[in-house]
Protein chains: 4
Amino acid sequence: MARPKSDDKRKAILTTACHLISQQGLSAPTAQIAKEAGISSGSLFTYFENKNVLFNELYIELKGEIAQATLSSDQISNTPSEQLYIFWKNLTYWLMRNHSKTKTLQLLNNSDDINDTTRKTGEQSMAKLASLIDEVRQIGAMKESPLSMVVAYMESLVHTTVDFMSKDVANSEEHCKTGFKALWRVIR
Amino acid sequence: MARPKSDDKRKAILTTACHLISQQGLSAPTAQIAKEAGISSGSLFTYFENKNVLFNELYIELKGEIAQATLSSDQISNTPSEQLYIFWKNLTYWLMRNHSKTKTLQLLNNSDDINDTTRKTGEQSMAKLASLIDEVRQIGAMKESPLSMVVAYMESLVHTTVDFMSKDVANSEEHCKTGFKALWRVIR
Amino acid sequence: MARPKSDDKRKAILTTACHLISQQGLSAPTAQIAKEAGISSGSLFTYFENKNVLFNELYIELKGEIAQATLSSDQISNTPSEQLYIFWKNLTYWLMRNHSKTKTLQLLNNSDDINDTTRKTGEQSMAKLASLIDEVRQIGAMKESPLSMVVAYMESLVHTTVDFMSKDVANSEEHCKTGFKALWRVIR
Amino acid sequence: MARPKSDDKRKAILTTACHLISQQGLSAPTAQIAKEAGISSGSLFTYFENKNVLFNELYIELKGEIAQATLSSDQISNTPSEQLYIFWKNLTYWLMRNHSKTKTLQLLNNSDDINDTTRKTGEQSMAKLASLIDEVRQIGAMKESPLSMVVAYMESLVHTTVDFMSKDVANSEEHCKTGFKALWRVIR
DNA sequence: TATGAATGAGGTTTCATTCAT
DNA sequence: GATGAATGAAACCTCATTCAT
């Protein structure tokens with residue numbers, strides 16, 4: 001019977017959960033999430049069967065948002081190099097500007113509460129980026145390595161780059177470029 | 001002068017805490033840690049004032065162990081390149097073989113329970129590695145970037161590398177080399 | 001609108017708390033209070049945010065009951081002297097007959113857990129008695145002393161009187177009168 | 001085999017206990033008392049079998065000190081009235097100046113931890129004051145009441161008086177006199 | 001469907017007292 | 001006798017989840 005009535009409330013819960021988790025960690029109480037989302041503590045469980053389900057759906061939601069922000073762009077380029085840089089910029093700037101989402105995703109990622117199916121689903125939303133990387137690396141130093149590994153290296157470089165962009169916003173553009181050059185040397 | 005505080009017990013607590021945290025997360029109960037460490041629930045607090053202190057001391061302990069494993073080596077080399085590779089191997093293999101310590105450290109790292117003093121102390125134990133990296137990068141692509149950033153990139157590459165070494169132990173040696181090459185391209 | 005918070009339960013908690021505190025002191029466990037009040041240990045905290053709040057509300061409740069018992073009387077008299085005696089009788093007999101409430105109030109009074117606001121509120125419930133005393137003393141020996149002091153003397157005489165009424169119930173009426181006469185000599 | 005070695009330590013424990021109890025209530029930890037008294041937590045129990053014994057001995061100690069301060073005076077007077085006033089002054093001023101002892105005694109007095117034997121012993125130290133009161137009241141308004149009641153009234157007047165002396169030190173002398181006049185009217 | 005009171009297991013920490021050293 | 005580590009029973013309070021309204 002599809003999902004419960006109000007999609008607004010569902011969204012409100014996810015948004016609030018993200019906020020509170022970024023501040024308090026995964027132990028942020030469901031009651032507080034509900035209250036700050038403008039619903040009663042009991043209602044949360046009509047939208048998410050339990051806290052674990054909430055975590056998993058939040059994970060997918062955030063992964064989706066990131067993919068959206070990264071991949072749907074006004075700028076389009078013909079060369080893979082330039083296209084990858086556009087994605088890289090989209091991604092790093094979005095992460096930098098969405099600190100609480102980034103933090104929450106990191107916590108969820110490290111948690112055993114996120115199951116494999118969810119992780120798979122999360123990966124798929126970035127498929128387009130993965131295939132671009134696949135294309136780019138074919139003639140590069142990592143052409144023999146599994147794609148998943150290359151993607152993983154990219155992700156770790158992204159996070160480190162964003163850390164520095166956030167800590168030193170004045171030079172964020174420069175850090176962004178530095179990070180991309182590092183990525184390029186890794187895969188090309 | 002009464003029973004002296006036993007260093008064995010302190011160690012047992014830290015070891016057990018690490019084990020349980022790697023399985024259950026930071027919410028692993030102090031009572032369970034105490035019991036499995038072979039002491040009474042109250043005794044844990046004669047060794048660590050509270051759970052937060054336990055976390056911080058565990059963090060420092062683990063950082064220290066990693067530094068020990070990475071930096072104290074039979075092999076010594078004259079060229080920075082080779083020396084760095086030795087450290088890299090020590091580090092990645094230790095992390096691969098000490099999964100629960102690695103997992104716990106990751107959880108602690110992401111937690112607000114670890115204070116700045118502790119983080120500083122943790123950093124210092126790896127000073128030797130940092131200075132080697134500093135030396136190596138001087139003529140490389142990242143010579144303009146702050147050392148802390150280069151170190152951060154290295155750490156993120158380490159973790160990604162170790163993930164793949166663990167998931168595919170049969171080819172761990174190859175993954176280890178692949179990772180090092182990536183690092184070398186990033187900083188040189 | 002879900003189950004409404006039950007006033008019966010609130011009262012039951014206060015009543016039980018009073019009972020247990022009079023027997024065990026302020027360290028009477030909240031869990032025992034809850035259980036004997038017929039609710040679960042956690043529910044106590046939906047009615048009182050924490051033990052301290054419970055103490056303060058209990059204080060106000062008891063002060064209110066005393067005021068009620070003292071000031072609302074069938075008998076009314078025109079002369080201040082007689083009116084004061086009626087109040088005195090009401091008060092002393094109520095305290096004598098409500099031993100656990102008296103004991104509990106005494107413990108609360110000596111405790112730092114009761115805050116100033118609560119104490120103020122408690123005072124106000126006896127305002128009518130205070131103003132009667134104010135009236136009576138105007139031509140007496142303590143006309144120069146602050147009202148609060150006169151009230152304080154009265155209270156201390158009350159408690160001493162009640163102690164003897166309780167210890168020697170057979171002669172409680174006489175003790176009551178003796179006490180009143182002492183009061184009268186103090187303020188008149 | 002008599003009391004343990006050092007009487008200094010015993011005194012130190014009692015003094016410290018009094019201090020801490022006046023600040024934290026009867027739940028002041030024995031370990032803290034011991035430490036601040038300069039001995040180990042375990043040693044406290046060689047001087048006092050358990051916390052309850054400590055309470056009782058502290059009670060007697062304090063009662064004794066009060067008696068000493070009240071009854072042993074340079075000034076001596078022939079008329080009971082004047083002698084009683086001297087005692088009254090000694091007592092009220094001592095209580096005012098020894099706030100923590102006064103507070104502690106009050107807490108002990110309200111506690112079930114003090115047994116009847118201890119209370120009796122405490123009373124006896126003030127026997128001289130009681131007999132003076134006995135003498136004074138013989139021709140007064142309370143000549144028919146039991147002595148213990150008269151003493152009790154005096155004590156309650158003392159405490160109320162001291163409260164006001166403490167709260168308004170500038171006028172403590174006046175409050176002291178006011179209190180004594182009230183006492184005199186009560187018993188004479 | 002929405003609400004929020006009710007539940008009770010579980011978590012961290014405290015503390016009087018004991019006892020090995 | 002002195003020490004202080006060890007003990008473990010409580011204590012207070014939180015919180016995911018249920019269910020009466």
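A note on names: the letters A, B, ... follow the listed sequences, proteins ahead of strands, and every chain is numbered from 1.
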Rounding to an integer number of Å, can you tell me how far C:K35 NZ sits from F:dC12 P? 14 Å
Is the closest side-chain heavy-atom distance between C:N50 and C:V53 below 4.5 Å? yes
Is the phosphate of E:dA5 approached by C:S43 (side-chain N or O, under 4.0 Å from OP1 or OP2)? no
With the side chain defined as heavy atoms from C-beta on, D:S40 is closest, among F:dA6, F:dA2, E:dA5, to F:dA2
What is the distance from CZ of A:R10 to P of E:dA2, rounded to the nearest Å? 14 Å
Sort and list the pairs that fulfil salt bridge (Lys or Arg N to Asp or Glu O under 4.0 Å) and have at least one residue in residues 46-57 of chain D, not counting sequence neighbours. D:R10-D:E57
Counterpart residues, side-chain contact (heavy atoms from CB on, under 4.5 Å), relative to C:S166 (two or more places apart): C:M96, C:V162
Which residues share a side-chain contact (heavy atoms from CB on, under 4.5 Å) with B:A69, sequence neighbours left out: B:W94
Let's see if you can work this out: which of F:dA2, E:dT17, E:dT21 has an atom nearest to the side-chain heavy atoms of D:F45? E:dT17
Find the distance B:I39:CD1 to E:dA20:P and express it as a whole number of Å. 18 Å
Got a sec, which residues hit side-chain contact (heavy atoms from CB on, under 4.5 Å) with B:K5, two or more places apart in sequence or on another chain? B:Y47
For A:E65, check salt bridge (charged side-chain N to carboxylate O under 4.0 Å, His left out) against everything at least two apart and list the hits. A:K101
Mind calculating the distance between CZ (B:R3) and C1' (F:dA5) to the nearest angstrom? 5 Å
Send over the distance from B:L44 CG to F:dA5 P, rounded to a whole Å. 14 Å
Over how many whole Å does the gap from A:Q32 atom CD to F:dT14 atom P extend? 12 Å
Can you tell me the distance, in whole Å, between the CZ atom of D:F48 and the P atom of F:dG1? 15 Å
For C:K63, the salt bridge (charged side-chain N to carboxylate O under 4.0 Å, His left out) test, sequence neighbours excluded, returns none
Counting only side-chain nitrogens and oxygens, does C:T46 get under 4.0 Å of the OP1 or OP2 atom of E:dA5? no
Look at the side-chain N and O atoms of C:K9 and state whether any lies under 4.0 Å from the OP1 or OP2 oxygen of E:dA6. yes
Identify every side-chain donor-acceptor pair in residues 24-38 of chain C under 3.5 Å, counting partners at least two apart or on other chains, and give the distances.
residue	atom	partner	partner atom	Å
C:Q24	NE2	C:Q32	OE1	3.2
C:Q32	NE2	C:E36	OE2	3.1

Interatomic distance, B:D8 CG vs F:dA5 P [rounded to whole Å]: 15 Å
With a 4.5 Å cut-off on side-chain heavy atoms, are C:F48 and C:L58 touching? no
B:Y47 vs F:dA6: side-chain N/O to OP1/OP2 distance below 4.0 Å: yes
Side-chain heavy-atom pair A:H159, A:Q106 within 4.5 angstrom cut-off: no
DNA chain F in dot-bracket form (Watson-Crick or G-U pairs under 3.5 Å, [ ] crossing, | inter-strand) is .||||||||||||||||||||
Could you identify which residues of residues 19-31 of chain B place a heavy atom less than 4.0 Å from some atom of DNA chain E, listed by residue number, or say none? B:A28, B:P29, B:T30
Residues pairing under salt bridge (Lys or Arg N to Asp or Glu O under 4.0 Å) where one sits in residues 106-121 of chain C, two or more places apart or in two chains, turn out to be C:D112-D:K103
DNA chain F-proximal residues of residues 49-61 of chain D, any heavy atom under 4.0 Å: none
Does D:N56 have any side-chain contact (heavy atoms from CB on, under 4.5 Å) partners at least two apart in sequence or in another chain, and if so, which? D:N52, D:I114, D:N115, D:T118
Return the 5'-most residue of the pair B:S41, D:G42 with respect to DNA chain E, ranking by each residue's nearest nucleotide. B:S41
